[in-house]
Amino acid sequence: MAICKPTLIIHGGAGNIRRDKLPPDLYEKHRASLQSYLRSTYALLNDGATALDAAVHAVSLLEDDELFNCGRGSVFTSAGTIEMEASVMVASVQPLDDNRPGELKKAAAVMNVRNVRHPIQLARESLLRTGCSPDGTPRADGGSMHPQLAGPHVENLARDWGLEFKPDEWFWTQKRWDEHRRGLEGKDEPISLSQGTVGCVCLDQWGNLAVATSTGGKTNKLPGRIGDTPTLGAGFWAEAWDMFLPGGLLVDKCAVSPHAYTQTTLSTQNVGCWDLWGSPFRHMLPRWFAHGPKTRDNDPPAYLPRSAHCVTGPDLKSVLDMECSEFEPRRDRKAIALSGTGDGDTFLRIAAAHSVASLSRFQNLSLAQAVQSIAGLGGALQRSAGSRWGVTGEGEGGIIGIEVSTAKAILPSSSSSSTMGVSNWGQKAEMGPLYRGNVVFDFNCGGMWRAWIEPGPLGEDIERVMVFHEEYNSASG
Ligand SMILES: NC(=O)C[C@H](N)C(=O)O
């Protein structure tokens, strides 16, 4: 049964893109490409495609488009060769199910790939071919449980799996060759450069999230260099976790401060604690919490389901007797997926995508806040460049993502003007509640090519295509 409204965001690279160095015709070409890929991918999602297939569809189109640094438009290494990288990863707000495509392996990445027309399709095949069944018995699909595969070995698998190959000439483009030559000669770029990696994050009707990312890497990278795009947790990540919402009991530390958050790992699962005092669930708290937080030194140090570990106190028995029938523990699930672009060496150094996920999960930040603190201005990517910031391109980049939760509501997104957030209140539809993904992005450099669908004031779909923080034609930015 459909439980989610499809949600979609695509990026086409971030970097030192400047308004005065981005001619209108080049802007228009990027805008038209991104809009067309956004539309066809969104149509697929609405027709019932899985998030994985839709994301791979979007990135396959980008890989054939010379404008972007991936597939056919890939940049050259310092040796004048093309070495491509791509990755996919999935997560779901549905309960874990090893029979769901991709769930067994969760992520697959390919690196140092040559002549494969669609590296992203190779990553998809590698994800789905695990070489074993959910119960661990061998399966003859030619795959393995390895999430990262490189070079001639994975190219051989691509042949075995029937993927399309193209000759070197097909990948050669004048624009990238000129960039390569100018770079070797130490000359400046005459027009705006984006680092050009592409990515798609989407949510399907069944609550599955997928991220697909593809790149040629950095212009004049050393042959054999592996970047963030095919490295788990650096240039991409997807994750889902269970949350407990009102009906469970609160962590002591959480009760001390209205904004505190505590996460305790229990034997079989992680449980989280929301800031209930400032949350929309306030009115659902039992009456004995009505006076707000206070410290209870003898309480158990974790937020646990009632049956396992209960709040102590004089009124506990009567509270449970009176309140529990109307206050059942409810387990909700949250999922996120992220794709990055920019200086991959920095993304690697700070495990950028996984850092965003950890902030969201363990610090209980909205995804918008978490993305901002890593990829926004003054965020961890920028800070890690130190005194080299603005000189070498180090630390520059951006991240796109989607979060979705089966709770009736999630915490509102950051109000920062540079971090786009769409609130995620469950929508009522005939078949029951539909959840909407929350599209987020941020970047710390001149621009990031991106396109997404957002809800208008009446809930209608609105397409957005942007490169700067503001519209291309606005005076500022
Ligand atoms: N184009 C990019 O975004 C570059 C990519 N992140 C890399 O460093 O390999």
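Each ligand, and each atom within it, is numbered from 1 in the order the structure gives. Because the structure is a prediction, the values reported are computed rather than measured.
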[X] with [Y]: basic N within carboxylate O range, under 4.0 Å:
{"X": "Glu164", "Y": "Arg159", "result": "no"}
{"X": "Arg182", "Y": "Glu179", "result": "no"}
{"X": "Arg39", "Y": "Glu463", "result": "yes"}
{"X": "Asp461", "Y": "Lys5", "result": "yes"}
{"X": "Glu66", "Y": "Lys29", "result": "no"}

Which ligand 1 atoms does [X] reach within 4.0 Å, using its non-hydrogen atoms?
{"X": "Thr197", "result": "1 (N), 2 (C), 3 (O), 4 (C), 5 (C), 6 (N)"}
{"X": "Gly217", "result": "1 (N), 4 (C), 9 (O)"}
{"X": "Gly196", "result": "1 (N)"}
{"X": "Gly344", "result": "6 (N), 7 (C), 8 (O)"}
{"X": "Gly342", "result": "2 (C), 3 (O), 4 (C), 5 (C), 6 (N), 7 (C), 8 (O)"}
{"X": "Asn69", "result": "1 (N)"}

Minimum-distance pair of heavy atoms, taken over all atoms of Glu394 and Asp343: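 Shortest heavy-atom separation between Glu394 and Asp343 comes out as CA-OD2, 3.4 Å.
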
Can you check whether [X] has an N/O within less than 3.5 Å of an N/O in ligand 1?
{"X": "Asp228", "answer": "yes"}
{"X": "Gly227", "answer": "no"}
{"X": "Thr341", "answer": "yes"}

Gly235 heavy atom under 4.0 Å from ligand 1: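 No; Gly235 lies far enough from ligand 1 that no heavy-atom distance drops under 4.0 Å.
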
Contact with ligand 1 for Gly13, non-hydrogen, under 4.0 angstrom: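 Gly13: no contact with ligand 1 (<4.0 Å).
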
Partner residues of Glu239 under the side-chain hydrogen bond (donor to acceptor under 3.5 Å, both in side chains) criterion, sequence neighbours left out: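 With neighbours one apart ignored, the set is Trp237, Arg361.
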
Mode of Thr215 contact toward ligand 1 - side chain, backbone, both, neither (heavy atoms, under 4.0 Å):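 Thr215 to ligand 1: side-chain contact only, backbone stays beyond 4.0 Å.
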
Arg225, portion touching ligand 1 at heavy-atom distance under 4.0 Å: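 The answer is the side chain of Arg225.
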
Distance flag, aromatic centroids of His469 and Phe443, threshold under 6.0 Å: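 Yes, ring centres under 6.0 Å apart.
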
Partner of Asp64 under salt bridge (Lys or Arg N to Asp or Glu O under 4.0 Å), chosen from Lys166, Arg117, Arg72: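 Filter result, single survivor: Arg117.
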
